[in-house]
Amino acid sequence: MTKNILVTGGAGFIGSNFIRYLLSKAGDYRITNVDLLTYAGSLENLKDLPHPEKMEFIHGNVCDQPLMEQLIEDRQIDTVVHFAAESHVDRSLQGPAAFIQTNLVGTFSMLEAARKVWLQKGLIDMDKVRFHHVSTDEVFGTLAPGDPAFHEDTPYAPNSPYAASKAGSDHLVRSYAKSFGLPITISNCSNNYGPYQFPEKLIPLMILNALHEKPLPIYGDGLQIRDWLYVEDHCDAIWIILQRGEVGESYNIGGENQPSNLEIVRTICKILDEKAPRESGLPHEDLITYVADRPGHDRRYAMNITKIRNELGWEPKLQLEEGLRSTIEWYLSNEDWLQAISKEKNFQDWVQLNYEAREKTLGGAE
Ligand code: NAD
Ligand code: DAU
């Protein structure tokens with residue numbers, strides 16, 4: 001039986017990896033990929049897909065509820081996987097409005113569209129349908145050293161406008177299950193890395209800056225901790241939740257790799273020293289530069305993944321150093337993608353302004 005899957009945000013980092021992952025699997029899937037192609041989304045991420053004929057791309061906005069309704073109805077969508085979001089914490093500190101619009105209003109619009117077609121019009125067999133919402137560990141706030149890892153029942157305490165907008169969207173999704181009986185699942189995942197990640201996020205930014213002899217900006221003391229997960233492991237977890245997850249439940253996903261930011265940047269530098277030594281012969285680590293901290297910077301994230309491991313049999317496959325090696329190799333051998341993204345998105349301007357603002361705040365110290 002064909003599954004008709006609507007992926008939102010499928011031209012972004014995780015969404016495009018998810019589509020690639022799904023298309024490489026055996027099975028009869030038809031994917032409708034709706035993406036607004038904001039600064040973070042690009043058709044460059046969807047080149048050379050396996051079985052491209054199984055994916056239809058729609059340039060559209062998740063806030064456009066009539067369009068979302070029409071797509072769900074016309075394509076007989078039975079599964080929604082909702083990735084579309086504004087995703088960068090630093091940008092949410094500079095301009096939160098887009099985060100409220102896309103993450104809250106956009107999720108509301110997706111839920112309403114699904115409710116109308118699935119529940120009110122009853123056009124699709126209710127036993128088959130599922131709305132999966134992709135969320136983040138940032139909704140839980142921050143951990144002090146020694147605190148137990150976040151579990152599914154940890155109270156929400158978001159600290160940035162990004163995290164608050166995702167927390168709000170999770171609550172909306174949950175409410176549609178409780179109030180209307182919409183068959184939903186939610187996943188809260190930790191920091192992803194891997195191919196096609198937009199070079200504003202820590203890992204690709206550090207790789208590219210190091211290759212171009214630019215400073216490697218460490219926010220604050222660099223001792224903040226994230227729980228890193230290779231993106232393909234995240235895709236695998238979402239797919240398992242879609243197949244075996246219990247309707248109405250949320251699942252934590254994490255990598256169980258929890259180095260400090262400084263350790264991760266040092267590891268990247270060490271790998272680059274081997275794979276792409278500097279002309280000067282100096283270590284890449286010399287490019288590390290301390291800049292002003294991110295306001296409200298969460299100190300530590302760690303995910304307790306007992307539920308998904310015990311109930312659904314998922315666990316992360318790739319260890320961090322192996323994942324970093326493969327990611328660095330991908331960036332080194334995909335110069336064309338990088339050139340195309342740089343030309344299309346001109347991300348360097350934003351990254352440079354962000355860097356200069358932080359350096360200035362610190363008074364140019366270090
Ligand atoms: P991304 O910024 O790389 O991609 C987001 C995509 O959404 C882009 O293609 C963009 O064009 C699209 N988009 C934005 N606004 C839209 C709109 N109004 N309508 C349609 N499309 C729109 O983000 P990502 O890192 O791939 O994250 C995907 C999802 O996963 C997000 O919901 C994010 O909160 C969540 N998440 C990300 C991480 C991570 O480490 N990156 C971890 C946990 C959860
Ligand atoms: O935890 C999941 C979240 O991970 C997702 O929900 C977000 O969408 C995703 O962007 C990511 O958020 P972070 O803020 O953790 O990711 P980022 O790559 O921006 O930063 C990772 C850590 O590195 C964070 O502690 C800030 C720090 N950092 C980041 C940049 C870009 C630096 O020290 N220097 C930098 O230049």
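Start at 1 with the first residue, then count along the sequence. Numbering of ligands and ligand atoms starts at 1, following listing order.
Side chains of T79 and K128: no donor on one and acceptor on the other come within 3.5 Å. Judged by distance alone, the side chains of H133 and T185 never bring a donor and an acceptor atom under 3.5 Å apart. A side-chain donor from one of E344 and S42 sits under 3.5 Å from a side-chain acceptor of the other. Counted by atom type alone, T107 and H82 present one or more donor-acceptor pairs between their side chains at under 3.5 Å. Side chains of D137 and S190: no donor on one and acceptor on the other come within 3.5 Å. A donor atom on one side chain and an acceptor atom on the other are found under 3.5 Å apart for Y301 and D298. Using a 3.5 Å distance cut-off with no hydrogens or angles, the side chains of Q319 and Y230 do not pair a donor with an acceptor. No side-chain N or O of Y251 forms a donor-acceptor pair with one of N188 less than 3.5 Å apart. Between the side chains of N45 and W337, a donor-acceptor pair is found at a separation under 3.5 Å. Between the side chains of Q258 and D227, at least one donor N or O sits under 3.5 Å from an acceptor N or O.
Not a single heavy atom of Y355 sits under 4.0 Å from any atom of ligand 2. Remark: distances from the non-hydrogen atoms of Y162 to ligand 1 include one below 4.0 Å. Heavy atoms of S190 approach ligand 1 to within less than 4.0 angstrom. Ligand 1 does not have G106 within reach: every non-hydrogen atom of the residue lies 4.0 Å or more from it. At least one heavy atom of S135 sits under 4.0 Å from some atom of ligand 1. By the 4.0 Å heavy-atom criterion, E200 is counted among the residues contacting ligand 2. Note on ligand 1: F83 sits in its first shell, one or more heavy atoms being nearer than 4.0 Å.
Listed by atom number, the atoms of ligand 1 under 4.0 Å from N191 heavy atoms are 40 (O). Taking a cut-off of under 4.0 Å to the non-hydrogen atoms of C189, the atoms of ligand 1 that pass are 42 (C), 43 (C). Residue P217 approaches ligand 2 through these ligand atoms, each under 4.0 Å from one of its heavy atoms: 32 (C), 33 (O), 34 (N), 35 (C), 36 (O). The contact set between ligand 1 and K166, taken as ligand atoms under 4.0 Å from a residue heavy atom, comprises 31 (C), 32 (O), 33 (C), 34 (O). Near G41, with a cut-off below 4.0 Å to any heavy atom, the atoms of ligand 1 are 8 (C), 9 (O), 11 (O). The ligand atoms of ligand 2 that sit less than 4.0 angstrom from a heavy atom of Y301 are 1 (O). Interface of N61 with ligand 1, defined as ligand atoms under 4.0 Å from a residue heavy atom, comprises 17 (C), 18 (N), 19 (N). Here is the list of ligand 2 atoms found below 4.0 Å of a heavy atom in K201: 10 (O), 18 (O). Near I218, the atoms of ligand 2 lying under 4.0 angstrom from a non-hydrogen atom of the residue are 33 (O). Of all atoms in ligand 1, numbered sequentially from 1 with element shown, those under 4.0 Å from a heavy atom of V134 are 30 (O), 32 (O). Every atom of ligand 2 with a heavy atom of Y162 under 4.0 Å away is listed here by number and element: 5 (C), 6 (O), 7 (C), 8 (O). For ligand 2, the atoms closer than 4.0 angstrom to any heavy atom of H88 are 19 (O). Counting the atoms of ligand 1 from 1 in the order shown, those under 4.0 Å from a heavy atom of S87 are 1 (P), 2 (O), 23 (O). In the vicinity of G60, heavy-atom distances shorter than 4.0 Å reach the ligand 1 atoms 19 (N), 20 (C).
Contact annotation for T102 and ligand 1: only side-chain heavy atoms (C-beta onward) come within less than 4.0 Å of the ligand. With a heavy-atom cut-off of 4.0 Å, S190 touches ligand 2 through its backbone alone. Heavy atoms of V89 found under 4.0 angstrom from ligand 2 belong exclusively to the side chain. Only the side chain of L205 comes within contact range of ligand 2, with a heavy atom under 4.0 Å; no backbone atom does. Proximity of L37 to ligand 1, defined as any heavy-atom pair under 4.0 Å, is confined to the backbone N, CA, C and O atoms. The part of E138 lying near ligand 2 is the side chain, judged by heavy-atom distances below 4.0 Å.
Taking only non-hydrogen atoms, the option from P204, S87, S160, G12 nearest to atom 7 (C) of ligand 2 is S87. For atom 25 (O) of ligand 2, the candidate residues are Q197, R299, K166, H297; the nearest heavy-atom contact is made by H297. Looking at I14, L229, N261, D221, it is N261 that brings a heavy atom closest to atom 22 (C) of ligand 2. Which of V291, N191, T136 comes nearest to atom 16 (O) of ligand 2 through a heavy atom is settled by distance: it is N191. The option with the heavy atom closest to atom 38 (C) of ligand 1, from among I14, I253, T136, is I14.
At the shortest separation from atom 5 (C) of ligand 1 among protein heavy atoms lies A85 O, 3.5 Å. The closest protein non-hydrogen atom to atom 40 (O) of ligand 1 is N192 N, 2.8 Å. From the protein, the heavy atom lying nearest to atom 10 (C) of ligand 1 is T38 OG1, 3.3 Å. For atom 11 (O) of ligand 1, the nearest protein heavy atom (residue, atom name, distance) is D35 OD1, 2.6 Å. Protein heavy atom closest to atom 25 (O) of ligand 1, with residue, atom name and distance, is F13 CD2, 3.7 Å.
A donor-acceptor pair is defined here as one N or O able to donate and one able to accept, closer than 3.5 Å; no such pair exists between the side chain of R244 and the backbone of E311. Proximity of a side-chain donor or acceptor of S165 to a complementary backbone N or O of L104 within less than 3.5 Å is not detected.
In this structure, I5 is not a member of the same hydrophobic cluster as L71, with clusters built from ILVMFWY side-chain heavy atoms closer than 4.5 Å.
Looking at M206 next to ligand 2, no N or O pair under 3.5 Å apart turns up. Among the atoms of L202, some N or O lies under 3.5 angstrom from an N or O of ligand 2. Here's the thing with V62: one of its N/O atoms is less than 3.5 angstrom from an N/O atom of ligand 1. Between E86 and ligand 1, a contact under 3.5 Å exists for no N or O pair.
Crowding of K275 atom NZ: a count of heavy atoms from other residues, nucleotides or ligands under 6.0 Å exceeding 12.
D78 and K3 are joined by a salt bridge, as a carboxylate oxygen and a charged side-chain nitrogen come within less than 4.0 angstrom of each other. Salt-bridge check for E213 with R278: passed, with a basic side-chain N closer than 4.0 Å to an acidic carboxylate O. A salt bridge links E256 with R309: at least one charged nitrogen is closer than 4.0 Å to a carboxylate oxygen. A salt bridge is absent between E274 and K270; no separation between the charged side-chain nitrogens and carboxylate oxygens falls under 4.0 Å.
Annotation: cation-pi geometry not satisfied between R294 and Y219 (NZ/CZ under 6.0 angstrom from ring centroid, within 45° of ring axis). For the pair R91 and Y39, the cation sits on the ring face: its NZ or CZ lies under 6.0 Å from the ring centre, inside 45° of the axis.
To the nearest 0.5 Å, the span separating CG on L229 from CE on M303 amounts to 10.0 Å.
Close placement of the H171 and Y156 rings is indicated, their centers lying within 6.0 Å of each other. You'll find the ring centres of Y29 and W239 inside the 6.0 Å limit.
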